[in-house]
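I have placed the structure first, in the form of structure tokens, so that the comments after it can refer back to it.
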Amino acid sequence: MIVAVPMDIYRSLCHDNPCTSPQFALYEVLAEHDEVRYSLLEIRPNPWARYGGNMISDPRMKACECECAMMQNPSHISEHYILLQALGKCNVLIAGHYCFNTLYAMKHVGIKIHKIPPFLKTASEAIEHFIIGTEITRYLRCVHQV
């Protein structure tokens, strides 16, 4: 399974709306017997950062405050789908906060969102929080970063 973690420019965990995250760390998570291993596959830029889009710097987007009018606007809804250029092959997106349009866009293509608490600071902590909270850890004895 491939898990995406939104990161800031310093590679710390980004708790804002994933649409405003400058980059994403993609991790592969493998469960084998009583062990779960995860490893970093790659860091991908947010397409909005690459194209110079204003979604990254919009304070309303960072705070997940899509207005009711924006939530119904097809143009605004489609802006959330641009994330799929970075996340297209992922199974899970880890996020601290997200708006309804982000949830809808990810759900529409089969990407689940795993909500994390605000005290997590690193991608490793977020991945381990995800691993412990999923069904793959039913017989877990050990989690390893590879």
Side-chain angles (χ1 to χ4, degrees), residues 1-31 35-73 76-138 140-146:
M1 128 181 356
I2 299 176
V3 178
V5 180
M7 309 291 287
D8 65 16
I9 58 172
Y10 305 108
R11 293 199 176 174
S12 295
L13 193 59
C14 182
H15 284 277
D16 295 330
N17 191 337
C19 293
T20 65
S21 174
Q23 57 193 352
F24 295 92
L26 302 185
Y27 284 85
E28 183 176 36
V29 177
L30 298 170
E35 290 187 347
V36 177
R37 297 181 185 273
Y38 66 96
S39 60
L40 179 66
L41 293 175
E42 63 181 303
I43 303 284
R44 287 194 179 170
N46 182 337
W48 283 107
R50 190 174 33 202
Y51 301 139
N54 64 355
M55 191 175 239
I56 294 233
S57 59
D58 186 345
R60 293 178 301 168
M61 289 303 299
K62 285 186 180 285
C64 304
E65 296 174 351
C66 290
E67 301 165 356
C68 288
M70 289 176 74
M71 288 177 61
Q72 302 301 324
N73 182 335
H76 177 73
I77 292 169
S78 69
E79 290 175 338
H80 290 75
Y81 282 88
I82 291 174
L83 281 184
L84 296 177
Q85 291 179 16
L87 307 178
K89 64 179 183 177
C90 294
N91 305 97
V92 176
L93 170 63
I94 290 178
H97 295 91
Y98 50 89
C99 64
F100 177 75
N101 286 331
T102 300
L103 174 66
Y104 181 75
M106 296 303 116
K107 194 177 215 180
H108 186 64
V109 296
I111 297 175
K112 296 179 183 178
I113 296 181
H114 178 77
K115 190 156 174 63
I116 55 168
F119 56 82
L120 299 179
K121 302 296 181 208
T122 66
S124 292
E125 291 172 341
I127 292 290
E128 290 170 7
H129 183 274
F130 163 73
I131 290 169
I132 290 169
T134 62
E135 293 178 10
I136 61 175
T137 60
R138 195 167 53 192
L140 178 70
R141 293 193 188 276
C142 191
V143 175
H144 292 285
Q145 182 174 3
V146 183

How many angstroms lie between CD1 in Ile113 and OH in Tyr98, if you round to the nearest 0.5 Å? 5.5 Å
For Lys107, side chain to side chain contact (heavy atoms under 4.5 Å, CB included) partners two or more places apart: none
Which heavy-atom pair separates Pro6 from Phe24 by the least distance, and what is that distance? CA-CD2, 3.7 Å
Distance check, rounded to the nearest 0.5 Å: Leu26 atom CG versus Leu93 atom CG? 10.0 Å
Going by heavy atoms in the side chains, are Arg11 and Thr122 under 4.5 Å from each other? no
Can you name the nearest heavy-atom pair linking Ala126 to Leu120, along with the distance? CA-CD1, 4.0 Å
dist Leu87:CG -> Ile2:CD1 (nearest 0.5 Å) comes out at 11.0 Å
Once rounded to the nearest 0.5 Å, what's the spacing between atom CZ of Arg44 and atom OG of Ser21? 14.0 Å
Which value, rounded to the nearest 0.5 Å, describes the distance between Asp8 atom CG and Asp16 atom CG? 9.5 Å
When you compare the side chain of Val92 with that of Val29, does any pair of heavy atoms fall below 4.5 Å? no
Report the residues that fulfil side chain to side chain contact (heavy atoms under 4.5 Å, CB included) with Ala123, sequence neighbours left out, ordered by chain and then residue number. Val5, Met7, Tyr27
Any residue meeting ring pair (Phe, Tyr, Trp, His ring centres under 6.0 Å) with His114, in chain and number order, not counting sequence neighbours: His129, Phe130
If you look at every heavy atom in Leu83 and Cys19, which pair is closest and at what distance? CD1-SG, 3.6 Å
Minimum heavy-atom distance Glu125-Lys121, with the two atoms named: OE1-N, 2.7 Å
Examine distances only and state if a side-chain atom of His15 and a backbone atom of His97 form a donor-acceptor pair shorter than 3.5 Å. no
